[in-house]
Each structure stands twice: as structure tokens, then as C-alpha cells.
2 protein chains.
Amino acid sequence: MIEDISANAEQAAMFLKGLANPQRLMILCLLAEGEKNVSELIAATGIPQTSMSQHLNKLKDENIVDFRREHRSLFYRLEHPAALKIMTVLHDEYCAK
Amino acid sequence: MIEDISANAEQAAMFLKGLANPQRLMILCLLAEGEKNVSELIAATGIPQTSMSQHLNKLKDENIVDFRREHRSLFYRLEHPAALKIMTVLHDEYCAK
DNA sequence: TTATGATATTATAAAAATATAAAATGAAGG
DNA sequence: CCTTCATTTTATATTTTTATAATATCATAA
């Protein structure tokens, strides 16, 4: 069952690294509520604009989020079922206890 | 539910960083089968001894694994239910597809 | 009590991640 | 068109992670 993750360890680790940052977890928490544009994410988290853009780019690279344009704004959303599952595990471990 | 991970984002991110490395995932795959000593882990993975020791130390720091001594050998085991849950999510995503 | 086997620790160099500032893009309103 | 707003891109310095080599520890068998 679990023992053959090793063959795919490189991919799986890259995916986890996409999540393994406190600011990105905050962003993903917000996106777990529903899609939000970049300005909303900045306002809600206090993360500097440039930094936000880079974090979103990294999440996009790992296909953890996707976005759509609406007028001038880009609305990001969580697009990765496994990422949501992991967020749930983290919630149960670090928030619900 | 999920939205308040942000308050604990730092801790949760540190935990994820403990997992987010291909060699450590391989180690954890093996430990998911049951406890193993360091020599067995080295033989099964090909990871150099020094490197193995450091990875195990990092996993220990995050309380993801624990160990017991038996004669000269140290037997490590997976000691973290949330880590096992995440391994399962990764397995379903990267191995069972 | 010494040698050996099993593992950890320390040191250090290389690679990757993060933060921050400056400049660039691109859509939309006037 | 020109300006402005929302966002990305590029550049760079700092910090963290990883890899590797050398050395140390510590339990045990001889």
C-alpha cells in the first residue's frame, strides 16, 4: 500500500514542499473557504504584495491552485483535492485539538 | 473549520517540512510497514549513513518518529498519526493512480 | 580493556527557499 | 491614447536545507 510511495517520492515531496510554508498555508486556508482575488488575500493575510505573487505562483506551479481573470482582478481557487485533504488533516491536528 | 489553520500555520508548516523531502518520504514508507533499524533503512534505500542519521534526527525533532534501542541497533518507528494520514493521501495521489 | 559494529555529531560547502525592492505588464476607464 | 489599478516579473541578499566527509560515541563481544 504505502511502501511504493518511494518510487514517486520525488513528485510527492515537491507537492508537499508547495504546501510546507506558513504563508502558503494561510493562503490555502482562505482559499478553502472559496475563491478570492489577490487583493483580498493580501488584505486578509498582511502578506506583502510581491511575496503574495510569488507564493501564488509557486502554488500554481504545483497545480495546487488555479485562477480566472475577472476584469482587472485574478481570482484564485484551490484546485487540488489532495491538498484539501492535507489541509483537513492539519486542521484536525493543529486547530481542533 | 479549515480557515483557522492560519493561527497555527507556523507549527503546521514545520511539521510538513519534516515530511517534504523525497528521502524522508522513502524512510517513512518503510516505517509505515513496521519498525526498522537504521541498517535496514540504509540497505533498503541506499541513503548514505550520515545522511540517514540526519534525516532520522529531523523526523525525531518533529516527533514524526521515535525509536527504541535493542542491543547495538536503534529501531525506529512511525509515531505520528497525522503523518501516517498524510502518507496515505500521498499514496492515493501518487501511487494508486 | 580493547576492538568492532551501529549510529550520531560536527563541520562545511552547495543548492534551494524566502524576503524585499524595483521595474514591467496588461486590462480598463477616461 | 494615456493613466491607473491589479498583478507579475526580475534581481538580489539572506536564510534554510541538503550533501558529504571526517570524527566521535557508545554498547558489546572477544
Side-chain angles (χ1 to χ4, degrees), chain A residues 6 9-31 35-79 83, chain B residues 6 9-31 35-79 83:
Chain A
S6 62
E10 199 72 45
Q11 282 183 74
M14 289 208 32
F15 165 63
L16 278 188
K17 281 186 188 177
L19 302 175
N21 170 281
Q23 306 202 125
R24 287 197 293 280
L25 287 181
M26 287 175 59
I27 293 166
L28 292 170
C29 280
L30 289 165
L31 294 182
E35 70 170 10
K36 297 205 168 29
N37 68 39
V38 180
S39 299
E40 290 171 327
L41 291 172
I42 291 169
T45 60
I47 296 169
Q49 183 273 323
T50 290
S51 194
M52 177 62 73
S53 187
Q54 289 178 158
H55 283 307
L56 290 172
N57 185 59
K58 181 152 197 165
L59 292 169
K60 184 70 174 58
D61 275 352
E62 292 301 329
N63 296 308
I64 294 167
V65 301
D66 200 356
F67 65 86
R68 69 184 171 85
R69 179 178 287 280
E70 185 178 307
H71 307 291
R72 288 170 179 165
S73 298
L74 302 187
F75 283 80
Y76 280 80
R77 64 182 175 280
L78 196 45
E79 262 297 282
Chain B
S6 61
E10 200 72 45
Q11 282 183 74
M14 290 215 20
F15 165 64
L16 279 187
K17 280 185 190 178
L19 303 175
N21 171 282
Q23 307 202 125
R24 287 196 295 278
L25 288 181
M26 287 174 59
I27 293 166
L28 293 170
C29 280
L30 289 165
L31 295 182
E35 71 169 9
K36 297 204 167 30
N37 68 38
V38 180
S39 298
E40 290 171 328
L41 290 173
I42 290 170
T45 59
I47 296 170
Q49 183 272 323
T50 291
S51 195
M52 177 62 72
S53 188
Q54 290 178 157
H55 283 308
L56 289 172
N57 186 58
K58 181 151 195 165
L59 291 170
K60 185 72 174 58
D61 275 353
E62 291 301 328
N63 298 305
I64 294 167
V65 301
D66 201 356
F67 65 86
R68 67 184 174 86
R69 178 179 290 278
E70 184 179 308
H71 308 291
R72 288 170 178 166
S73 300
L74 301 187
F75 283 79
Y76 279 80
R77 65 183 175 279
L78 194 47
E79 261 299 282

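Just the heavy atoms: all of them, side chains too, but no hydrogens, waters or symmetry mates, feed the values below. Everything numeric here is computed off the predicted structure, so don't read it as measured data.
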- Message: Starting the side chain at C-beta, find the nucleotide from C:dA8, D:dT7, C:dT20 nearest to B:V38.
- Response: C:dA8

- Check if the side chain of B:T50 and the base of D:dA19 share a donor-acceptor pair of N or O atoms closer than 3.5 Å. no

- Query: In whole Å, what is the span from the CG atom of B:L16 to the P atom of C:dT18?
  - Reply: 12 Å

- Message: Rounded to whole Å, how long is the line connecting atom CE of B:M52 with atom C1' of D:dA21?
- Response: 17 Å

- Between D:dT9, D:dT17, D:dA27, spot the one nearest the side chain of B:K17, thanks. D:dT17

- Can you check whether A:N21 has a side-chain N or O nearer than 4.0 Å to OP1 or OP2 of C:dT18? yes

- Where the side chain of B:Y76 is concerned, which of C:dT20, C:dA8, D:dT20 is the nearest nucleotide? C:dA8

- Check the distance between D:dT17's C1' and B:D61's CG and give it to me in whole angstrom. 14 Å

- Is the base of C:dA8 touched by the side chain of B:Q49 through a donor-acceptor pair closer than 3.5 angstrom? yes

- Protein-nucleotide distance (A:Q23, atom CD; C:dA17, atom P), rounded to Å: 16 Å

- Query: Among the nucleotides C:dA27, D:dA27, D:dT17, which one has an atom lying closest to any side-chain atom of B:K58?
  - Reply: D:dT17

- Task: Compare all side-chain heavy atoms of A:Y76 with those of A:D66 and state whether any distance is below 4.5 angstrom.
- Result: no

- Contact class for B:F67 (heavy atom, under 4.0 Å): base, sugar-phosphate, or nothing? nothing

- Protein-nucleotide distance (A:M14, atom CE; D:dT17, atom P), rounded to Å: 17 Å

- Closest contact, heavy atoms only, B:R77 versus B:F67: NH1-C, 3.6 Å

- Query: What distance separates A:F75 CZ from A:R68 CZ, expressed to the nearest 0.5 Å?
  - Reply: 5.5 Å

- Message: For C:dT18 and A:R24 - does any side-chain N or O of the residue sit under 4.0 Å from the phosphate oxygens OP1/OP2?
- Response: yes

- Note on the structure: Comparing B:S73 with A:H55, nearest DNA chain C nucleotide closer to 5' gives the residue B:S73

- Message: Can you give me the closest heavy-atom contact between B:K36 and B:E40, atom names plus distance?
- Response: CA-OE1, 3.3 Å

- B:L74 side-chain proximity, nearest of D:dT18, C:dT7, D:dT4: C:dT7

- Rounded to whole angstrom units, what separation is found between the NE2 atom of B:H71 and the P atom of D:dA30? 13 Å

- Under a 4.5 Å cut-off applied to non-hydrogen side-chain atoms, are B:V65 and B:I27 in contact? no

- Side-chain ion pair, A:E62 and A:K17, N-O less than 4.0 Å: no

- Message: Output the rounded distance in Å from CZ (B:R69) to P (C:dG5).
- Response: 16 Å

- Message: If you only use heavy atoms from C-beta on, which nucleotide in C:dA8, C:dA27, D:dA29 is closest to the side chain of B:R72?
- Response: D:dA29

- Query: Between atom CG in A:N37 and atom C1' in C:dA27, what is the gap in whole Å?
  - Reply: 15 Å

- Message: Measuring from the side chain of B:S39 (C-beta onward, heavy atoms only), which nucleotide among C:dA6, C:dA8, C:dA19 has the closest atom?
- Response: C:dA6

